[in-house]
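Here is the structure we will look at, set down as structure tokens.
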Amino acid sequence: MSHRSLAADGLVVGYERGRRVLDGASVSVPAGRRLAILGANGSGKTTLLRCLSGALEPAAGSVAVDDQLLRHSRRGLRAHRQEVQLVLQDPDDQLFSASVAQDVSFGPLNLGLDDDAVRERVAEALRLLAVDGLAARPTHQLSYGERKRVAIAGAVAMRPCVLLLDEPTAGLDPSAVAEALAALTRLEASGTTVVMSTHDVDLALRWADEVAVVVDRRVVQGDPATMLGDDDLLARARLDRPWALTVGARLQEIGLLADGALPRDVAALLAALPDRPGVVT
Amino acid sequence: MSHRSLAADGLVVGYERGRRVLDGASVSVPAGRRLAILGANGSGKTTLLRCLSGALEPAAGSVAVDDQLLRHSRRGLRAHRQEVQLVLQDPDDQLFSASVAQDVSFGPLNLGLDDDAVRERVAEALRLLAVDGLAARPTHQLSYGERKRVAIAGAVAMRPCVLLLDEPTAGLDPSAVAEALAALTRLEASGTTVVMSTHDVDLALRWADEVAVVVDRRVVQGDPATMLGDDDLLARARLDRPWALTVGARLQEIGLLADGALPRDVAALLAALPDRPGVVT
Amino acid sequence: MTGLAVDDAAWASAWRHRSPGDKLLLCVGLVVCALVLPAWPGSVLVGAVAVVLALGPARVPAATFGRAVRWPLTFVAVSALTTVVTVDGGLGWAPDAAARAGSLVGHALAGSAAVLLLATTTPMADLLPALRRLRVPAAVVEVASVTYRLLFVLLQSLNTIREAQTARMGYSSVRRSYRSSGVLAAAVLTRSWDRARRMQEGLAGRGLETGLRVLPEVLPSSRLFLACSVLALAGIVSASLAVA
Amino acid sequence: MHIAEGFLPPLHAVGWTVAAAPFVVHGARAVVKEVREHPENTLLLGAAGAFTFVLSAIKLPSVTGSSSHPTGTGAGAVLFRPPVMALLGTVVLLFQALLLAHGGLTTLGANAFSMAIVGPWAGYGAYRLTRSLGGGLLPGVFVAMLVADLATYVTTALQLALAFPDADSGFAGAAVKFLGVFAVTQIPLAVGEGLLGVLLFRVLTTNARPELERLGLLPPAPAQEEVR
Ligand SMILES: Nc1ncnc2c1ncn2[C@@H]1O[C@H](COP(=O)(O)OP(=O)(O)OP(=O)(O)O)[C@@H](O)[C@H]1O
Ligand SMILES: Nc1ncnc2c1ncn2[C@@H]1O[C@H](COP(=O)(O)OP(=O)(O)OP(=O)(O)O)[C@@H](O)[C@H]1O
Ligand SMILES: [Mg+2]
Ligand SMILES: [Mg+2]
């Protein structure tokens, strides 16, 4: 499997007449690069992801995988869904079956694979998400974090090129977040491009290669450090500046950090700090 | 209204036979002090809050408001619920009436107050949470952040001495978090003691006066900076160390911050940093 | 976790990985024996075998089993009593009341124990695919599967919403209880619609248009288990016929 | 009140199963057709089944201090129509037998006949009659819930009387006994269930109007978009 790129251009979406949620929003997910989507509550992050996945047909605009335009016909959607999978925020919206292995088998079966191939895909997906121990467990007995990872496994079993995740870390404890991110890294290694929406600016800064901010019915996309250091954009999007940028900038100001790229997380900051005051390496 | 203190002693709770969620857990909420409850997914934070609110009767142990023991009789619970209110994590579990004002009036009406008193309480609660503009709106049209604040208003209208909040900031964008915290500060000013559970160690460090960590079926309580700097405890509780403590400690090490208490958030850290390298004030 | 103790027991049972077909044969056999054999010694034998198997090899918690038979016990007691009481010209006992009541209670308890043996060892997730082999249409089995899954989601909503209402004194009088119950039922119903709609979207991406087919777990049948089952059933039948 | 496993004599168990079968098969046909045309409706039907199960977990307080659980089949019949309820009700009864030990397998036919067939049809009939006599939605629902609940219990009582006729007075005497025990005591609870139905639908008419319109229970509201 090789990385594929996904792009949306000029999306217009309105749920009710008159009011538009997105109006000319464009975003591109370059193959193999991590994209984080940020934005205030109700700005349209989920709406954007639903358009990208084909779940929602925009009133105008287009979505394409590697320049192949998505058509909202039965066949067009079928083809698109083999490339792009969306994992919803609430795992209970995705888990319909009584047992974990059964649930994950749903997608591959619908692809028309034979039973052995399905079983193999299920095993692979559960392994990538590190939930293989849960295969025979009933869905309703799982913890929230476990349900979240099983829901991701259900999408992964479709072997999509692009995996879209709506707030995959919301409601998880710090260790569970770390485990989820590790699972996503394994997925990337197997050729999947990962996109996530999140409210956590610190996470976006340290995880993403690119950031897309949904603001004023459009999307602004760019480098995480630049975008999340732009106070004007942050204010319009009701976001906070990540602490690492603020603290890093100040430390540069007082000459403790070398000029140039700011560290994006604690580890990078500690590594960049000199051992003694006043010595900038 | 004056602040009241809430305490639980030796709580034992098991949902299924044999397996205990809490086993000898004690926690105390001193009047007027902010308590943050931390812990891994499934450690028992919600269970602890349900015990404190009287929703769940522990198999052993006691809960008391100002040394007045909670009895799980009809009368005992009635009295307790006027002192202690719990706001659940999912606002949709709490908003069941058609309109915002109707929903907030549910509790006061059940207290048997007359219409004028009810109206006054509703207006006050909506004002404290800064959602007075929404009074006439249908609940299902509200954004997630708005629903969360209306749910809190529903509990506040009961005029509790202690307000327990289960993950009040989960799923909110950074501005909405700031607004929710500002609302809680107004509540405190009106005499309510506020307790919240959260997965956000950075938030716990900067907001709380005290931290209670649920780990190994018990609760460890103490000063935020001490508790969240204790690597052994953090590992057992599957929590991360807040960035401010790690970065602050390193800056002290290299002589950039004065010894003593570490700054708890960005603003405090920036204020404590010297203007030029090597100068510790 | 779920509040449905029988279901929890089924998922945790030592017989969880036995073929549902095997367990169906044994339990349905026991149920039929309980129904058609004379109460003495048929019902007693069936009841004893079901209880011993459940608490022994299947390792079902005794408390779960005991609590689960409590409900049928109430019904059986009331109904059996009603059956053997006569009202003609004043309250009185029907002739041979004790024997009739004993026989009724025996049949019912033995049958209940046999069904419970199945229920506490076989999760619905295994039984429903087995219905397919009984020629129940796939659509019906799929609807039943979704019902089973959503049951837990809705029960959770029901309990949480009720807890929230209780905290705000929604059940502090009979009148308020009624109002709160109505609101509760409506909230759960609208949630169930909402949930179905959102699941539709959640599953569309994985190919909902072709139905809700899943791959059931392979649980191979055991010859030994089948042989022992048949032997046990034959033993019960012959013992009963010998005594009768 | 479900008849417990093993309580009915074999002949009765088989008889009621045969009697219930055509209705349940008819319901299954309707469901299969529905799902074939709209596969996504599997989820809606599953949700309806789950709601029917969960509704019976709601505790209704009664004035005497005891509490009871609604049968819920009246509301189900009004919302989802009796044929569908025949199937969903049977599925729910199977779940109740296997998850709660309420009812049984050999008595499934008898229980389905009273709870999934007679109850819903009687309730639905009462609902249609009330509506055609000019009653509104709420009176219709009240009558539907009340009649469905009572009809279910009366049927159960008659089933038991048929199986266990009185030694002297035969079926008639037994019917009096069982009706006395199971149906008369149920009257206040049936009224309670009717009230619950009214409260439920009153909330629905404000919170879930579009759904009720889609189900044909309320006339479609004049579209507001066109007015502007
Ligand atoms: N199915 C729907 N019908 C009508 N309006 C909708 C629907 N879904 C979303 N909206 C509206 O569209 C807007 C964008 O919603 P969306 O869920 O995309 O926001 P979001 O950025 O994901 O927010 P959050 O951070 O709270 O998840 C909101 O104003 C919301 O109320
Ligand atoms: N109603 C319930 N019935 C059975 N088990 C339950 C119930 N509620 C919680 N549990 C179990 O109790 C344990 C503690 O759950 P609790 O919800 O208190 O954890 P938590 O710390 O709030 O987790 P989270 O961070 O995910 O919210 C978990 O193992 C959970 O599965
Ligand atoms: Mg969203
Ligand atoms: Mg919790």
Side-chain angles (χ1 to χ4, degrees), chain A residues 16 38-43 45 89-90 141-146 148 167 169-179 198-202 234-235 237-251 253-257 263 265-267 269-270 273-280, chain B residues 16 38-43 45 89-90 141-148 167 169-179 198-202 234-235 237-251 253-256 263 265-267 269-270 273-280:
Chain A
E16 296 138 71
L38 290 161
N41 284 125
S43 59
K45 298 181 295 299
Q89 179 173 357
D90 186 347
Q141 279 186 11
L142 302 183
S143 78
Y144 185 76
E146 289 168 343
K148 245 177 143 138
E167 307 200 23
T169 62
L172 297 188
D173 66 49
S175 301
V177 171
E179 282 162 18
T198 179
H199 282 301
D200 186 338
V201 285
D202 296 323
L234 291 174
R238 293 171 53 94
L239 295 175
D240 277 355
R241 199 184 164 99
W243 67 268
L245 295 183
T246 313
V247 172
R250 179 61 183 276
L251 290 173
E253 232 174 78
I254 58 178
L256 267 171
L257 283 181
D265 57 16
V266 173
L269 179 66
L270 292 190
L273 276 176
D275 290 337
R276 290 185 302 121
V279 186
V280 176
Chain B
E16 296 140 71
L38 291 161
N41 284 125
S43 59
K45 297 181 295 298
Q89 178 173 358
D90 186 347
Q141 273 186 14
L142 304 182
S143 80
Y144 188 75
E146 289 168 342
R147 288 211 299 283
K148 249 182 137 135
E167 306 199 24
T169 63
L172 296 188
D173 67 49
S175 301
V177 170
E179 282 162 16
T198 179
H199 282 302
D200 188 338
V201 285
D202 296 323
L234 291 174
R238 294 170 53 94
L239 295 174
D240 278 354
R241 200 185 165 98
W243 66 267
L245 293 183
T246 312
V247 172
R250 179 62 181 274
L251 291 174
E253 231 173 79
I254 58 179
L256 267 170
D265 58 15
V266 173
L269 180 65
L270 292 190
L273 276 176
D275 289 338
R276 291 184 302 121
V279 186
V280 176

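By convention in this document, chain letters (A, B, ...) are assigned in the order of the sequence lines, proteins followed by strands, and residues within each chain are numbered from 1. When reading the values below, keep in mind they use all heavy atoms of this one structure, side chains included, and skip hydrogens, waters and symmetry mates. On a predicted model such as this, the values are computed, not experimentally measured, just so you know.
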* Which distance, rounded to the nearest 0.5 Å, do you find between the CG of L38(B) and the CZ of R238(B)? -> 14.0 Å
* Structure fact -> Answer key: most heavy-atom pairs under 4.5 Å with chain A among A170(B), A244(B), A40(B) is A40(B)
* Asked: Do V266(B) and W243(B) have side-chain heavy atoms sitting under 4.5 Å apart?
  -> yes
* Asked: Does a side-chain heavy-atom distance below 4.5 Å link T198(A) with K45(A)?
  -> no
* Asked: Under a 4.5 Å heavy-atom cutoff, which of D265(B), V177(B), L172(B), L239(B) has the most pairs with chain A?
  -> L172(B)
* Closest-packed option against chain B by number of heavy-atom pairs under 4.5 Å, given G171(A), G39(A), G42(A) -> G171(A)
* If you tally heavy-atom pairs under 4.5 Å against chain B, which of E167(A), R241(A), Q89(A), R250(A) wins? -> R250(A)
* Asked: Do the side chains of L251(A) and L269(A) get nearer than 4.5 Å, heavy atoms only?
  -> yes
